[in-house]
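Heavy-atom basis, side chains included; hydrogens, waters and symmetry copies ignored.
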Amino acid sequence: MKKQLRGYDGKQSGAQADQMYGEAMRKYGNLSEDALVSKLVEMVHKQKQEGTFDEVQLLGFINTITPHLNAQQRSRLEGVLGMIGE
């Protein structure tokens, strides 16, 4: 499942992507995979309720972390994205 958004090119500067990845690792690096999924779903749900959800920002983050995942982790991430999109 690959999401496409009008006006989103997925390009970020290397420094910007590295900074985003580093911040995520500091915040969430010690959580289990299940805890990460729960946290992500919870955050998106809350943002949608508050009207602050930004799908472009989420996809940017996903594009940043995807190269650091193995095939099995990518597959699970796609499943999570399917849950979020509902």
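When all heavy atoms of Gln73 and His68 are compared, the pair lying nearest together is OE1-O, 4.3 Å.
Taking CG of Leu81 as the reference point, atom CD1 of Ile62 lies at 4.0 Å (rounded to 0.5 Å). Expressed to the nearest 0.5 Å, how far CE of Met83 lies from CD of Glu78 amounts to 13.5 Å.
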Starting from the C-alpha separation in whole Å, work towards a yes-or-no answer on side-chain contact (heavy atoms from CB on, under 4.5 Å) for Leu40 and Leu58.
-> CA-CA 10 Å; Leu40 177 61; Leu58 175 64; 4.0 Å; yes
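A donor-acceptor pair under 3.5 Å links the side-chain atoms of Lys48 to the main chain of Ile84, judged by distance alone. A donor-acceptor contact shorter than 3.5 Å is absent between the side chain of Ser75 and the backbone of Ala71.
Residues satisfying the salt bridge (charged side-chain N to carboxylate O under 4.0 Å, His left out) criterion with Arg74, sequence neighbours excluded, are absent altogether.
The local environment of CD in Gln72 is sparse, with at most 12 non-hydrogen atoms from other residues, nucleotides or ligands closer than 6.0 Å.
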